[in-house]
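Data first, discussion second: the structure below is written as structure tokens.
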Amino acid sequence: MNRELTKSLYRTMLLIRRTEERILEEMMKGKLASTMCHVSIGQEAVAAGTCSAMQPQDYLTSTHRGHGHFIARGGGLDRMMAELFGKETGYCKGRGGSMHITDISIGHLGANGIVGGHLGIAAGAGLWSQISKNNAVTVCFFGEGATNEGITHESVNMSALWKLPVVYVVENNHYAMSLAWERSTAQQSFIEKAKAYGIPGVDVDGQDALAVYEAASEAIDRARKGEGPTLIGAHTYRFLGHSRADPSKYRSPEEEERERARDPLTIMRTKVGSDVLSDSDVEAYEAEVKQMLDAAVKFAEDSPLAQPSTVFEDIYA
Amino acid sequence: MNRELTKSLYRTMLLIRRTEERILEEMMKGKLASTMCHVSIGQEAVAAGTCSAMQPQDYLTSTHRGHGHFIARGGGLDRMMAELFGKETGYCKGRGGSMHITDISIGHLGANGIVGGHLGIAAGAGLWSQISKNNAVTVCFFGEGATNEGITHESVNMSALWKLPVVYVVENNHYAMSLAWERSTAQQSFIEKAKAYGIPGVDVDGQDALAVYEAASEAIDRARKGEGPTLIGAHTYRFLGHSRADPSKYRSPEEEERERARDPLTIMRTKVGSDVLSDSDVEAYEAEVKQMLDAAVKFAEDSPLAQPSTVFEDIYA
Amino acid sequence: MPIMMYRDALRRALYEEMKADPSVFVLGEDIGLYGGAYAVTKGLLEEFGPDRIRDTPMSEAAIVGAAIGAAMVGGRPVAEIMYVDFMTLTMDQVVNQAAKIHFMFGGQIKVPCVIRTQQGTGRGAGAQHSQSLESWFIHTPGLKVVAPSTPADAYGLLRASIQDDNPVIFLEHKGLYAVKDEVPEEPFVTSLGVADVRRTGSDVTLISYSRTMQLALEVAAQLEQRDISVEVVDLRTLQPLDMETVLRSVEKTRRAVVLHEAVMTGGLGAEVSARITEALFHQLLSPVRRVAAADAPLPANVALEKYVVPNAEQVIRAIEETLAVKQQIAR
Amino acid sequence: MPIMMYRDALRRALYEEMKADPSVFVLGEDIGLYGGAYAVTKGLLEEFGPDRIRDTPMSEAAIVGAAIGAAMVGGRPVAEIMYVDFMTLTMDQVVNQAAKIHFMFGGQIKVPCVIRTQQGTGRGAGAQHSQSLESWFIHTPGLKVVAPSTPADAYGLLRASIQDDNPVIFLEHKGLYAVKDEVPEEPFVTSLGVADVRRTGSDVTLISYSRTMQLALEVAAQLEQRDISVEVVDLRTLQPLDMETVLRSVEKTRRAVVLHEAVMTGGLGAEVSARITEALFHQLLSPVRRVAAADAPLPANVALEKYVVPNAEQVIRAIEETLAVKQQIAR
Ligand SMILES: Cc1ncc(C[n+]2csc(CCOP(=O)(O)OP(=O)(O)O)c2C)c(N)n1
Ligand SMILES: Cc1ncc(C[n+]2csc(CCOP(=O)(O)OP(=O)(O)O)c2C)c(N)n1
Ligand SMILES: [Mg+2]
Ligand SMILES: [Mg+2]
């Protein structure tokens with residue numbers, strides 16, 4: 001086991017977790033500029049594991065539930081928080097918010113408010129990599145609910161056909177708003193789903209960051225070698241509601257309790273043992289993360305509000 | 001082997017073949033009202049085999065290449081020809097043409113000019129059958145090229161999930177205009193494609209009307225019993241170009257010759273032998289069909305042109 | 001008269017139509033167990049069961065397609081598309097199929113279905129969740145388009161839409177769901193295609209629909225203080241457009257302003273303006289003015305989005321402009 | 001000057017841009033081996049190979065999505081959607097993605113892509129293959145929209161569109177592909193957003209674009225015989241709309257007619273009419289008239305479709321109406 005990788009995965013997951021907790025806190029205080037905000041608490045291992053397997057030149061497309069991908073890919077907390085607060089200094093100048101957070105400088109091609117809306121974009125980034133031979137792989141995250149959108153099918157087929165360097169990572173948190181996975185499709189295995197496209201499918205435990213890392217590494221390697229896409233289904237769980245407005249009445253408290261017990265942070269500590277990840281490591285990360293978040297919130301608070309006139313800028317390039 | 005069925009399948013295929021040949025003839029004479037006309041010569045076994053397995057209360061949705069489905073389902077030649085000629089007496093009052101030929105009285109829910117455009121409609125007809133318990137099964141024909149349209153995926157998933165009484169019949173003629181099947185998807189087996197939806201998939205010889213009939217019967221039975229959809233891939237071939245404008249330069253003469261040798265009419269005669277299908281049977285059918293077509297063309301010719309004012313009718317119900 | 005929220009009025013309409021007609025059913029994302037993203041269908045699953053209140057996978061095109069298919073063979077489906085922005089995924093089904101089937105198939109088949117969706121700003125929901133797209137639908141022959149501004153209209157027009165034999169695009173507004181107003185207890189149906197003069201006046205006609213009706217009425221009340229008498233017309237149905245009512249009003253006031261939340265260019269305001277001008281050019285004292293959202297995407301920022309959509313100041317300015325032209329210098 | 005067909009002029013533009021810039025590539029259905037449903041891309045596969053001339057599966061949404069994605073990371077894709085009617089399948093990608101990405105992401109990312117498609121009637125192609133949908137696109141901030149009427153413009157505007165850093169909807173017309181006209185031998189680029197006065201005149205301004213430009217010029221020539229002097233403006237780019245040129249002309253003629261093949265209600269004619277009226281109400285001698293397709297689906301019948309789309313008689317009548325108002329009785 002790679003100690004450094006393990007530590008870094010844990011730290012990333014913690015950073016995501018604490019950031020989202022802080023976002024919820026700030027949201028409660030009314031600090032967020034948009035009502036659209038979806039946290040991925042409970043799903044951190046998928047983002048952390050996958051992004052750790054990426055190289056600097058790689059691209060990533062993200063979803064409405066994209067804080068984890070953004071952070072795991074190395075997005076900065078200051079400008080992220082500023083974006084959520086609707087500030088001029090935010091990544092999108094305060095006009096994108098949580099659902100459209102983006103940083104092209106790290107190959108992040110955008111969170112998307114349309115479920116499935118970025119699937120074609122991922123294929124396109126892959127297509128350009130193939131044409132231009134830029135050696136980049138595009139990782140396309142989406143929820144299991146998005147598998148039923150038509151463009152998902154079109155995109156995966158296109159990538160499979162042309163062997164584009166794209167890796168599809170399904171964050172299967174078992175719900176699309178209120179729709180349980182089994183009420184959403186008659187085929188729940190991604191190994192089987194992948195067969196329709198003639199590509200490898202993987203069903204991986206999405207609460208195990210190392211397992212996700214392994215699966216993602218293999219898929220990214222294949223993609224980079226020109227062997228085409230992989231469809232990875234990562235079994236995870238959304239610990240909270242779909243959004244703040246959602247009391248999650250469509251699932252049982254027993255299920256929630258059972259699934260919350262499978263916390264990716266705990267799972268990793270248990271799995272690797274205190275030998276690899278000691279209490280003091282974790283304490284140090286907690287302290288570091290807290291400091292980063294305090295600084296990010298301060299940066300956001302101190303930043304100027306996006307100016308009204310700017311809403312008429314950048315409509316055209 | 002069912003003699004009556006065999007004879008009737010052959011007769012239906014012959015009727016389709018001769019009708020389309022006649023349509024082409026009339027088109028050359030400039031008799032058709034629209035430039036949109038796609039014949040299915042070579043593919044008759046799929047329409048004949050499938051429709052023979054349907055019951056009177058069943059529904060069918062069809063494609064831009066829909067003459068075969070229409071005829072096999074029992075559509076009348078007179079009003080069909082009138083429709084193609086743009087006459088008032090046509091099924092669609094001369095405003096639908098070949099690509100939108102429809103007769104609701106036989107459960108035919110329309111040919112569609114949008115590839116994949118009727119896939120959702122088929123699921124909806126199935127949904128209403130399930131809700132209203134009307135005991136109807138909907139057969140949804142489409143080309144293999146249409147499998148890559150997003151709505152195809154959405155529709156099949158929806159039908160599979162809800163076990164709707166729908167049967168998906170892919171007329172895999174190996175080309176979508178110029179795009180060969182292997183340049184269209186990395187997974188060419190419908191058995192494999194069906195796995196993504198958790199439903200049975202079938203790869204059947206689409207040039208063998210009896211084989212198609214068997215596969216369709218089984219699928220329609222399953223659907224009627226509430227066991228959900230089946231995805232049937234019928235391997236066939238389009239003997240002519242995509243449309244009149246198409247010289248089919250994207251495929252080799254050798255391939256064309258090889259595939260044209262697999263004529264569903266010949267195949268059936270060879271398969272069942274002259275014992276079941278005698279020369280005189282065939283001659284009688286030819287004569288009957290010729291008479292029907294002459295009558296249909298005469299009916300169409302004698303019918304009044306659709307009146308200009310009628311183009312402003314039926315915009316709203 | 002009982003006071004009712006817009007969302008509850010919509011639910012009442014669904015409930016009554018479903019009770020009255022077993023062929024009516026509802027399908028869409030999260031409309032069952034969840035009760036609808038904007039809580040319109042809450043409780044209907046318990047009442048009517050999962051066959052007629054059908055939670056669908058996230059497959060907008062197939063949802064609309066399924067509604068069309070069911071409508072063609074005897075059902076009267078009401079599909080919900082969560083945001084009008086997602087109607088972009090259904091345009092083939094709506095435009096090439098639903099709108100054209102009756103015509104294209106020579107009148108053989110009817111498509112009696114309603115596509116409910118909601119549009120507009122107010123929640124900082126951003127560029128992909130705040131648009132107003134009625135223009136696309138009115139540009140599509142074969143569709144009817146409805147956009148109620150009050151709970152009573154939401155109720156009466158939804159009932160009429162479900163009873164109509166054509167595909168109806170029923171545009172709700174996310175900012176109206178919690179609005180309360182009187183809705184008569186006695187069941188009723190509000191005919192499609194009939195505009196409503198919500199306030200009579202003599203100086204200028206202010207034409208709007210959906211949520212900007214509130215702005216229109218606010219401005220009218222405000223201007224009354226300044227002795228400017230504004231007649232306010234609520235279009236209610238956008239296709240067919242009740243130009244008769246509009247023209248009757250403008251004939252009287254000889255001035256008109258059209259107000260909507262959709263972006264200006266290519267908006268419904270252009271159509272209404274053009275039609276008024278074509279019909280009443282020589283009676284008009286000043287050009288028809290339009291007040292609409294700026295030609296810009298919407299920021300995901302509650303504070304910023306209000307700079308893009310129309311405000312009272314702009315409406316007042318537009319009205320003042322129409323009034324600036326004195327009767328005597330006019331033809 | 002060499003004479004060239006519209007389709008060949010388009011191909012020349014593609015060829016030159018691909019030669020000049022290795023990031024330009026083409027994708028779409030049947031654009032490679034087949035050479036394009038309307039033969040625009042014929043021969044390009046042989047010239048540039050299958051990497052840059054990419055035949056796609058039938059997946060319109062993903063085709064546009066892939067163009068957007070490639071454009072975001074360095075490519076300059078030109079996607080072909082075979083018929084504008086199939087753009088219905090791509091509206092999320094066009095409207096929610098391509099048009100908004102630059103704005104929504106704070107200006108970080110550009111989306112330099114062209115979506116070529118063709119629209120219109122003339123082949124009896126029916127309700128699902130003959131529409132004209134420019135209105136939807138001009139109603140979408142963030143898009144540019146181009147609709148050339150001549151081979152020279154087809155060439156010059158396509159080059160400009162490919163060079164533009166924004167998503168451009170490039171609307172060809174199926175009835176124009178075989179039209180021949182002069183195209184200068186020397187390479188050139190025609191700026192987007194600039195209308196063209198195709199014929200000068202003094203009595204009335206006739207505004208159009210795409211194929212109805214032919215009708216406009218025909219009518220103008222015809223009316224010259226009757227001593228009616230028609231100025232004809234070709235909009236060429238529909239977004240941004242060159243109102244300066246339009247207004248300059250109408251200021252002079254004081255009468256205007258807008259002509260297009262899209263259906264009347266919600267058409268671009270309404271927008272142009274409203275803008276002219278807003279700007280020049282007091283100079284106008286008569287209301288701006290619109291001539292457009294009837295609000296009806298198109299029949300799959302060559303003989304019938306011409307009753308739905310505008311004809312010379314209608315244009316002449318509209319012009320006569322604008323002229324009927326004598327200068328003296330006007331203000
Ligand atoms: C095309 C589209 N349909 C519906 C929605 C509304 N919506 C937002 S998130 C969501 C559920 C998404 O489920 P999934 O893909 O599993 O992602 P998760 O939220 O579970 O991360 C829905 C229905 C949307 N934003 N876009
Ligand atoms: C959505 C859509 N895309 C493209 C077309 C143009 N088109 C018509 S038929 C066709 C090929 C269809 O192939 P397939 O589904 O295999 O059916 P086939 O023609 O082989 O019967 C194409 C590309 C269309 N009509 N609709
Ligand atoms: Mg999910
Ligand atoms: Mg085919």
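Note that this is a predicted model, so its numbers are computed, not measured.
Within the 4.5 Å cutoff, no side-chain heavy atoms of C:E29 are placed close to those of A:L179. Proximity of C:L33 to A:K249: side-chain heavy atoms (C-beta onward) are nowhere separated by under 4.5 Å. Side chains of A:T147 and C:M58 form no contact here, defined as non-hydrogen atoms less than 4.5 Å apart.
Interface remark: A:D314 contributes no atoms to any contact with chain C (heavy atom separation under 4.5 Å). For a residue to count as touching a neighbouring chain, one of its non-hydrogen atoms must lie under 4.5 Å from one of that chain's; by this rule A:M177 touches chain C with backbone and side chain alike. Heavy atoms closer than 4.5 Å to chain C are found in the backbone of A:Q307, but not in its side chain. Heavy-atom distances place both the backbone and the side chain of C:A125 under 4.5 Å from chain A. With a 4.5 angstrom heavy-atom cutoff, C:E60 touches chain A via backbone and side-chain atoms both. The contact between A:V311 and chain C is made by backbone and side chain atoms together, counting heavy-atom distances below 4.5 Å. With a threshold of 4.5 angstrom between heavy atoms, A:H100 approaches chain C through side-chain atoms but not through N, CA, C or O. Of the two parts of C:T56, only the backbone, made up of N, CA, C and O, holds a non-hydrogen atom closer than 4.5 Å to a non-hydrogen atom of chain A. In this structure, chain A has a heavy atom under 4.5 Å from the side chain of C:F86, while its backbone stays farther away.
Put simply, of A:D246, A:T310, A:V115, the one with the most heavy-atom pairs under 4.5 Å next to chain C is A:D246. Ranked by non-hydrogen atom pairs under 4.5 Å with chain C, the options A:G97, A:A146, A:G94, A:C92 are led by A:G94. Contacts with chain A were tallied for C:A294, C:G32, C:P299; C:P299 has the most, counting heavy-atom pairs under 4.5 Å.
Rounding to the nearest 0.5 angstrom, the gap separating the NE2 atom in A:H153 from the OG atom in C:S59 is 11.5 Å. With rounding to the nearest 0.5 Å, the separation of CD in C:Q128 from CG in A:N112 is 4.5 Å. Residue C:D55 holds its CG atom at 4.5 Å from CZ of A:R183, rounded to the nearest 0.5 Å. Taken to the nearest 0.5 Å, the CD atom of A:E83 stands 8.5 Å off from the CG atom of C:N301. Remark: C:L304 CG to A:S309 OG distance equals 9.5 Å, nearest 0.5 Å.
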Please step through side-chain hydrogen bond (donor to acceptor under 3.5 Å, both in side chains) for the pair C:D30 and A:S178, ending with a clear verdict. CA-CA 6 Å; C:D30 303 290; A:S178 66; 2.5 Å; yes
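Using modelled atom types, one side-chain atom of A:T35 and one backbone atom of C:R123 make a donor-acceptor pair closer than 3.5 Å.
Taking a 6.0 Å sphere around CD of C:E313, one finds it holds 12 or fewer heavy atoms contributed by other residues, nucleotides or ligands. Shown here is A:E257, whose CD atom has no more than 12 heavy atoms of other residues, nucleotides or ligands within 6.0 Å.
Closest approach of C:A296 to A:I315, counting heavy atoms only: CB-CD1, 3.5 Å. Across every non-hydrogen atom of C:L89 and A:E149, the tightest pair is CD1-OE1, 4.1 Å.
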